[in-house]
Amino acid sequence: MAEEKNYETVIIGAGPAGMTAALYASRAGLRTVMIDGTAPGGKLLKTYMVDNYPGVPSISGPDLAMQMYEQSVSFGAEFMFGEVESVNKNRQVVLKDGTILNAGSVIIATGAKERLLGIEGEQEAIGHGESFCAVCDAAFFRNKEVVVIGGGNSALEEAQFLTRFASRVTIIIRRDVFRASEKAQREVLENDKIEVIRHAVPKKILMEDGKVTGLVIHDLEDDLDSTIKCDGIFPFIGQIPETEFVKDLGILNDKGYIEADRRMRTAVPGILACGDAIDKDLRQIVTACGDGATAADEAFHFVTDL
Ligand code: NAP
């Protein structure tokens, strides 16, 4: 017999959006639980330094995650380890272990995961030289050469961090220009350990004895392939929303992001969404937190109106 529990708010995902929602919901007096399959913090756990969260001039991602977590549970919100299998229109959250959580309101804050390169050799390379987290793995590449793919804030910030360990970091971008902030671009271009290769895309990962040894890239201007010798490959080419478990609710757009209005309401009453999993323009820690606060406020009104 599956275990059943009742909550006024069930928050799925414990990144900045989910933790803020937990803080606001529990502080408003709702019986609240947040669920995550891993430690609370979301992408903060993979972020070296945060210097654009107001009021906190400079802090490591894991430290900010820990502070947010402690504050989020300080008003009574529970944290539950678990993986969500599905959510139905009656606001029942079903976990993979069979547990059923009956929720007055559900807040989806599952964020997004890293997009893979999708090139030859990648499946074998993941965990054997290909990594999606410089903060976690950079130390394995001390005095080694690594390649970073992508020109967004993630790629440039992680490349910068990798230079603390690697002897050389090559950034590959497919256009002439970066997508990242001016500050991140300036830091990268001023770093002697970083080289930038423009208008090129990765084509094939080379491996020997179970380890990455190089990357074949394709130059989009002269239509030629070349090989970069490297020990590590770090792709940061964007995100894929973690929304598969709600695909049957009819709340996703064609890219898999959740459609939510300015009150974070989805098309299903009582099911709200916030943070990187929703369709929006600016994905930042501070915007995720703002979304989380709004979602919790809406959850409060929905539950008290029931
Ligand atoms: P992003 O901004 O979408 O950048 C993705 C990068 O990958 C772009 O340079 C893109 O190239 C490239 N790319 C995409 N698909 C590719 C492919 N198949 N092959 C080669 N290159 C490919 O993603 P992100 O850096 O993960 O950032 C996500 C969001 O989080 C953004 O809103 C970002 O501002 C935010 N963020 C903020 C901070 C901060 O403020 N400190 C830190 C990290 C992330 P094109 O430009 O040519 O499309």
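In what follows, every heavy atom counts, from backbone to side chain, and hydrogens, waters and symmetry copies are set aside. First listed ligand is number 1; within each ligand, the first listed atom is number 1.
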### Query
Within the structure, does Q284 bring an N/O atom to less than 3.5 angstrom of an N/O atom in ligand 1?
yes
### Query
Is there side-chain contact between M49 and D51, with heavy atoms separated by less than 4.5 Å?
no
### Message
So that I know where these two stand, are F140 and F165 an aromatic pair - ring centroids less than 6.0 Å apart?
### Response
no
### Message
Going by the closest heavy atom to atom 43 (C) of ligand 1, which one wins out of S154, A112, P202?
### Response
S154
### Summary
G151 heavy atoms within 4.0 Å reach ligand 1 at atoms 6 (C), 8 (C), 9 (O)
### Task
Take atom CZ of R168 as the centre, draw a 6.0 Å sphere, and report whether it contains more than 12 heavy atoms from other residues, nucleotides or ligands.
yes
#### Entry: N52 touching ligand 1 at heavy-atom level, < 4.0 angstrom
yes
### Query
Relative to atom 21 (N) of ligand 1, which among N153, D176, I237 owns the nearest non-hydrogen atom?
I237
### Query
Do you know which of D276, N153, N52 makes side chain to side chain donor-acceptor pair (under 3.5 Å) with Q284?
N52
### Task
For atom 15 (N) of ligand 1, state which one of M49, R175, R174 supplies the nearest heavy atom.
R174
### Query
Any side-chain donor-acceptor pair under 3.5 Å between K280 and T287?
yes
### Query
For atom 23 (O) of ligand 1, what is the nearest protein heavy atom, given as residue, atom name and distance?
G238 CA, 3.8 Å
### Message
Between K46 and E114, does any side-chain N to carboxylate O distance fall below 4.0 Å?
### Response
yes
### Task
Taking only heavy atoms of G150 into account, list the atoms of ligand 1 that are under 4.0 Å away from them.
7 (O), 9 (O)
#### Entry: Best match, Q239, K46, E157, K43: closest heavy atom to atom 41 (N) of ligand 1
E157
### Query
Is the gap between the ring centers of F141 and F234 under 6.0 Å?
yes
### Summary
Ranking R179, E158, E114 by closest non-hydrogen atom to atom 8 (C) of ligand 1, top hit is R179
### Query
What atoms in ligand 1 come closer than 4.0 Å to a heavy atom of F236?
6 (C), 7 (O)
### Query
For the residue pair C230 and I233, what are the closest heavy atoms and their distance?
SG-CG1, 3.9 Å
### Query
Which residue and non-hydrogen atom of the protein lie closest to atom 31 (C) of ligand 1, and at what distance in Å?
R283 O, 4.3 Å
### Task
Might you work through the side-chain hydrogen bond (donor to acceptor under 3.5 Å, both in side chains) test for Q160 and Y48, ending with a clear yes or no?
CA-CA 10 Å; Q160 191 71 16; Y48 170 49; over 6 Å; no
### Message
One residue to check: F178. Relative to ligand 1, which of side chain, backbone, both or neither has a non-hydrogen atom less than 4.0 Å away?
### Response
neither
